[in-house]
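Chain A is the first sequence line, chain B the second, and so forth, proteins listed ahead of strands; every chain is numbered from 1.
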Number of protein chains: 2
Amino acid sequence: MASSPIRIGIAGYGNLGRGAQAAIAQHPDMQLVGIFSRRAPAALAQSAVPVWPLDEAAAHRDDIDVLILCGGSKEDLPVQGPRLAQWFTTVDSFDTHARIPEYFDALDHAARAGGQVSILAVGWDPGLFSINRLMGEAILPQGGTYTFWGKGLSQGHSDAIRRVPGVAAGVQYTIPVDQAVQRVRAGEQPRLGTREKHTRVCYVVLQPDADAQQVRQAITSMPDYFADYDTTVHFIDADTLQREHSGMPHGGFVIRSGVSGQDDAQVMEYSLKLASNPGFTSSVLVAYARAAWRLKQAGETGARSVFDVAPGLLSPKSAADLRRELL
Amino acid sequence: MASSPIRIGIAGYGNLGRGAQAAIAQHPDMQLVGIFSRRAPAALAQSAVPVWPLDEAAAHRDDIDVLILCGGSKEDLPVQGPRLAQWFTTVDSFDTHARIPEYFDALDHAARAGGQVSILAVGWDPGLFSINRLMGEAILPQGGTYTFWGKGLSQGHSDAIRRVPGVAAGVQYTIPVDQAVQRVRAGEQPRLGTREKHTRVCYVVLQPDADAQQVRQAITSMPDYFADYDTTVHFIDADTLQREHSGMPHGGFVIRSGVSGQDDAQVMEYSLKLASNPGFTSSVLVAYARAAWRLKQAGETGARSVFDVAPGLLSPKSAADLRRELL
């Protein structure tokens, strides 16, 4: 372990930022030196570390080895990422799959110009699931890859419910269809449609004057979000929602079902069961912050994905110790 | 994909070598150019590719981009590995965990002297399981890592059975204790002794004059191999052994059960269910052969473990395609 800890900064102090703060405290080779926030620093006075305005980030470039970007993928990261990557080595959990190529290019340009490293799309999907999709098809080129999500709370679908007229509050869980998972695990390689892979279950608190049947109909027929799924809507009261549905569990499986050269069925499965989605995503971010710092120290610059990062760079242990203890 | 295929050689033509031959045929960017064997080439006349004496390997150094070493870890690789690494970029499945550091050093010395790359200890354990052990503790530093093996045929334990007086033939299956697996999956982090993690089941064909009770006693009391486990011995006839126990299935789980920063239980699990252990191990070797060639082409030299290899190097796809299709 290096004699002085890696100095980490956090940009954005929502669920992910607070998760990163807690995760950093679990790593003796890291030290949280500051948090950047758009909110007035006074509002974050309970924090034990300095809180700085995000606008003044550049002034702290020499205080921070790696900056963990904890903003959202839709509004925050497309702007913040390339801006901060010119001054800092960064990691982020950008998760808009379709926009990864253009975001990568913008980060790469900024990071190269500033002599920094930026690892994007770190987390579990994209992230650890992506690695397992890649390794599955590289090792068993004849086969199928299946990604199932859940049981877990989907933020996007929960937001969609809350926009329905008559809904006061609500959450949505994505649930993999057990029968489909079992068929894939058994090596069947089935063709599975959207409805066959996942179901959706909603817990909804109605507004006082709302019509339950209308709300149910509006949810289950919503295009893209629910119409293609078997969706169940439960109506509950606000207390029950608060008591039973305020966690953010998630998880899922990546299964590669293939046939090796001599016609033998081989099944590789990666699965996560997470009590807290942001807590785990931020834990992955923090491990990749160490890798980003190692790459920077090795003289590399530019954007990287998890595909470009050797596993050993995630660990505080030396390569020799890793071979002796974990290989 | 490169315009000309990666030229692969195989050294050693047992189960693993035959598996590698079959796996190479699944990768359009690779071509098997020759097999080295200690056996007289005439005895391998059924092979569709040239078979050369292992002693003359050096003469073919310019014909081969990557040589896959398919010899055994006990007798073959400690000698063959460093010898061949001076002439060839190699991958091997060396699996004597305790001797990995010294083997790494010998390979590293030879590979550096010859300007080659050697990736050692490739397969599933050591190999893919090792990567998951490393990533589990790097991402969730507060937690426990559990490796379970099986249900699977253990070559070493099967050999041990066959050395018992009175045994004509036999196989041994390692079986994880389901209750232990369930406890770990549930996030309990139990302390598990040897006997609590795995059971051993043997299928034995007796010699004509053997005493079944004596054989059973000799097996179940054998130190290191069986004495510390709950071991069941079934006596069967030679036909049944041939019919029901000639496959080489294996598999297992690596489970990391940890707690993220805000006291949330997080469980990561990697599992394999393999109809053929050598068929899968050789499939992993072939994917890492591609990575070894990429490292060599990038100007690297010396020994590497799977911890040093970025996932993207295993795939024939470009980094941009991987980001677009799999991230």
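- For the set B:Arg324, B:Met135, B:Gln142, the count of heavy-atom pairs under 4.5 angstrom toward chain A peaks at B:Gln142.
- Using a 4.5 Å cut-off between non-hydrogen atoms, the part of residues 93-106 of chain B that approaches chain A consists of B:His97, B:Ile100, B:Pro101, B:Phe104.
- Using a 4.5 Å cut-off on side-chain heavy atoms (C-beta onward), B:Ser283 and A:Leu140 make contact.
- For the set B:Ser282, B:Ser271, B:Gly127, B:Ser257, the count of heavy-atom pairs under 4.5 angstrom toward chain A peaks at B:Ser271.
- Going from atom CZ of B:Arg323 over to atom CZ of A:Arg304 covers 9.5 Å, rounded to the nearest 0.5 Å.
- When B:Ala287, B:Ala20, B:Ser260 are compared by the number of non-hydrogen pairs under 4.5 Å with chain A, B:Ser260 comes out ahead.
- Within the 4.5 angstrom heavy-atom criterion, atoms from both the backbone and the side chain of B:Val284 approach chain A.
- Looking at A:Asp263, neither its backbone nor its side chain comes within 4.5 Å of chain B, counting heavy atoms on both sides.
- Considering only heavy-atom pairs separated by less than 4.5 Å from chain B, the leading option among A:Val286, A:Ile24, A:Leu322, A:Val254 is A:Leu322.
- Interface remark: of the candidates A:Gly247, A:Pro141, A:Pro126, A:Pro141 forms the most heavy-atom pairs closer than 4.5 Å to chain B.
- Interface summary for chain A: among B:Ser315, B:Ala121, B:Ala265, the most heavy-atom pairs under 4.5 angstrom belong to B:Ala265.
- Partner B:Phe307 forms a side-chain contact (heavy atoms from CB on, under 4.5 Å) with one of A:Leu314, A:Leu327, A:Leu313 and no other, that one being A:Leu327.
- Residues of residues 288-296 of chain A lying within less than 4.5 angstrom of chain B, judged on heavy atoms, are A:Tyr288, A:Arg290 in numerical order.
- Counting heavy atoms from C-beta outward, B:Ile139 and A:Leu128 have side chains that approach closer than 4.5 Å.
- For the residue pair A:His27 and B:Ala138, the shortest heavy atom distance occurs at CE1-O, 3.2 Å.
- Taking all atoms of both residues into account, the shortest heavy-atom contact from B:Gly312 to A:Leu134 is CA-CD1, 3.9 Å.
- Ranked by heavy-atom pairs shorter than 4.5 Å toward chain A, the options B:Val309, B:Thr147, B:Asn132 are led by B:Val309.
- For B:Ser305, the part lying under 4.5 angstrom from a heavy atom of chain A is the side chain only.
- Contact record, B:Ile131 with A:Pro311: CG2-CG, 4.1 Å, taken as the closest heavy-atom pair.
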Without placing hydrogens or testing angles, list every side-chain donor-acceptor pair under 3.5 Å for residues 272-281 of chain A, not counting sequence neighbours.
residue  : atom : partner  : partner atom : Å
A:Lys273 : NZ   : B:Arg185 : O            : 2.7
A:Ser276 : OG   : A:Gly279 : N            : 2.9
A:Asn277 : OD1  : A:Trp124 : NE1          : 2.9
A:Asn277 : OD1  : A:Thr281 : OG1          : 3.2
A:Thr281 : OG1  : A:Asn277 : O            : 3.1

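- Of the listed residues (A:Arg18, A:Arg256, A:Glu137), the one with the most heavy-atom contacts under 4.5 Å to chain B is A:Glu137.
- Top candidate by heavy-atom pairs under 4.5 Å with chain A, chosen from B:Ala310, B:Gly187, B:Gly19, B:Ala22, is B:Ala310.
- Among residues two or more places apart in sequence or in another chain, the side chain to side chain contact (heavy atoms under 4.5 Å, CB included) test is passed with B:Ala25 by none.
- Under the 3.5 Å distance criterion, the side-chain polar atoms of B:Gln26 are matched with a main-chain donor or acceptor of A:Val259.
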